[in-house]
Trainee: 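Before I ask anything, here is the structure I am working with.
Everything numeric in this text was worked out from a predicted model, so none of it was measured. Numbered from 1 within each chain, the chains take letters A, B, ... in sequence-line order.
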Protein chains: 2
Amino acid sequence: MKSTSFKNHISVDCVIFGYNEEENKLEVLLIEQKEPSQNSSHPYVPQFALPGDLVNEEESLDDAAVRVLKELTHVEGLHLRQFFSFGDPMRVKQEKDIEWLKFYRSDPDARVITVSYYTLVRKEMINPEPGSFAKNVVWRNIKRVPPLAFDHNQIVKKATEDIKDRIYQNHIAHQLLPKKFTLRQLQNLYEVVLNTEFDKRNFVKRIKKDEELIPLAEKQKGVMHKPAQLYSFKMKKKK
Amino acid sequence: MKSTSFKNHISVDCVIFGYNEEENKLEVLLIEQKEPSQNSSHPYVPQFALPGDLVNEEESLDDAAVRVLKELTHVEGLHLRQFFSFGDPMRVKQEKDIEWLKFYRSDPDARVITVSYYTLVRKEMINPEPGSFAKNVVWRNIKRVPPLAFDHNQIVKKATEDIKDRIYQNHIAHQLLPKKFTLRQLQNLYEVVLNTEFDKRNFVKRIKKDEELIPLAEKQKGVMHKPAQLYSFKMKKKK
DNA sequence: ACAAAAGTGTTTTAGATACACCCATGC
DNA sequence: GCATGGGTGTATCTAAAACACTTTTGT
């Protein structure tokens, strides 16, 4: 009558999108896994992976995501959004991952269900440094994500789709631009996230419905063309 | 170095919305928990709950949702959509739930993370019958959902929000109306899911962009008013 | 004849799209 | 003076919303 008693590991994985304004690119934060001890009989090829790890006892999923991100990358203070859970029994059974699991998990054969989170942040606002089993942290263009550990490529893909659906909500640009910015900077951000291009006149008309843009008594300096007007945001009440 | 080894239970919960066309209501399928043996020192008050149970070893989350729904309600053949995971450590620690857990779980104190699914189905197309630890199955209007076990009220709420965001996608009406239907039937369905009302002229104009409606050589019969034209759907290619 | 819901079009408003030329600066 | 990107307005199209009277049936 009682339910069978096997249990699972629960992990969280974080997809941190970094907005690289200089090059107008979206990048994703990856860790490079530390190599297990080389005593193993199997060859080990270090892999890139999303920052993610097991959830602790008595810790909420949201809290775990924040903690794990901090432990592996020393990045904190971000608002992470849960978007999907991945639980295919085979997701931790691939050849490429078993050596790593053997070394880092007391029960390497255990099934792991992962709850995934993402956020979008201005790349230079965070300064990731490797921690825990991360040998290194790297940014990679989302258009050229390398093969990742486990099913992390699939997770990145789903996060990318999800963020597009939500960009026009929640004033996503507020954290991603400097306090003073030009309309071109704002447009670049939307274009790179949505992977498209807009007519600049039409773009401003649309964006002004969602954002109140305050023109400042200040202009761009040192550019080899007509200097752009600077703006700042004012929070608009939601409709 | 190795990760600590405690584990968790994983469950799935299913929010089955039933469209009751007669009364133009949306209802949610609940089970009534079987009472544990009365040997217990604690009083037990049977509760309503979503159909849900632990995921088996080697079973995908999607498969588990399908299986669990079948075991508890004998309902099968539905397409369930994953929408959110709930993992608050306290979600299985409330007084109201501990007696049930003690009886039905070999490890009643274990943490349970649940992955939630929903679907929307024509109520009379399924014939739920209780199974497993379900003493009974009942439909309840989504506007009057009783207090449920665990955090299931929260799960229902989130599913209700999510389904509204997606009703205009994926031809949701195709499974929910009879092969031959009137425009009023179609409009009623949208109105009850979105909890709103439309002007019938405007509604048809809008819906015709998503759905190709084929007028049949047949009319409603036996009604005490002008009989309505019957239609059927033709799948339109997505834009 | 009455009650009930079906059927039917036009006008107005708002949002989305398409489109091209002049301007201010650094070199 | 030239290269560079900034700044600007209008016309068109499409979608959404508001709105009321006539028709057909059963009783």
Trainee: Closest-nucleotide mapping onto DNA chain C: is A/Lys205 or B/Gln220 further toward the 5' terminus? I mean the 5' end.
Mentor: B/Gln220

Trainee: Distance-only criterion, 3.5 Å: show the donor-acceptor pairs between side-chain atoms of residues 137-148 of chain A and protein atoms not counting sequence neighbours.
Mentor:
unit_1: A/Asn141; atom_1: OD1; unit_2: A/Lys143; atom_2: N; d: 2.8
unit_1: A/Lys143; atom_1: NZ; unit_2: A/Asn195; atom_2: OD1; d: 3.2

Trainee: How many Å lie between CZ on B/Phe203 and C1' on C/dG7, as a whole number?
Mentor: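 Answer to the nearest Å: 15 Å.
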
Trainee: Write down the distance between CZ (B/Arg206) and P (D/dT14), rounded to a whole number of angstrom.
Mentor: 19 Å

Trainee: Would you tell me if any nitrogen or oxygen in the side chain of B/Arg184 comes within less than 4.0 Å of OP1 or OP2 on C/dA6?
Mentor: yes

Trainee: Whether A/Glu23 and A/Lys25 form a salt bridge (side-chain N of Lys/Arg under 4.0 Å from carboxylate O of Asp/Glu) is what I want to check.
Mentor: yes

Trainee: Less than 4.0 angstrom from a charged side-chain N to a carboxylate O is my criterion; do B/Arg67 and B/Asp63 meet it?
Mentor: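 Looking at B/Asp63 together with B/Arg67, the answer is no, because their closest N to O distance does not fall below 4.0 Å.
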
Trainee: To the nearest Å, how far apart are B/Lys209 NZ and C/dA16 P?
Mentor: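 The distance from NZ of B/Lys209 to P of C/dA16 comes to 13 Å, rounded to the nearest Å.
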
Trainee: Measure from NZ on B/Lys208 to P on D/dT14 and round the result to the nearest Å.
Mentor: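 Going from B/Lys208 (NZ) to D/dT14 (P), I get 18 Å.
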
Trainee: Should the pair A/Tyr118 and A/Phe17 be assigned to parallel (<30°), tilted (30 to 60°) or perpendicular (>60°) ring geometry?
Mentor: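 Perpendicular, since the angle between the ring planes exceeds 60°.
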
Trainee: From CD of A/Gln185 over to P of D/dG5, roughly how many Å is that when rounded to an integer?
Mentor: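 Taking atom P of D/dG5 as the reference, CD of A/Gln185 is at 14 Å.
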
Trainee: If I take atom CZ in residue A/Phe181 and atom P in nucleotide D/dG6, what distance separates them, rounded to the nearest angstrom?
Mentor: 14 Å

Trainee: With a sphere of 6.0 Å drawn around CD of A/Glu197, does it hold more than 12 non-hydrogen atoms of other residues, nucleotides or ligands?
Mentor: no

Trainee: How would you summarise protein contacts on nucleotides 20-27 of chain D per nucleotide, using B for base, S for sugar-phosphate only and - for none, with heavy-atom distances below 4.0 Å?
Mentor: B--BBBSS

Trainee: Rounded to the nearest angstrom, tell me the gap between atom CZ in B/Phe198 and atom P in C/dA6.
Mentor: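 Nearest whole value for this atom pair: 16 Å.
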
Trainee: With A/Lys158 as the cation and A/Phe84 as the aromatic partner, state whether NZ or CZ is under 6.0 Å from the six-membered ring centre and within 45° of the axis.
Mentor: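 Ring-cation test returns yes.
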
Trainee: Rounded to whole angstroms, how far apart are CG on B/Asn202 and P on C/dT10?
Mentor: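 About 14 Å, once rounded to whole Å.
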
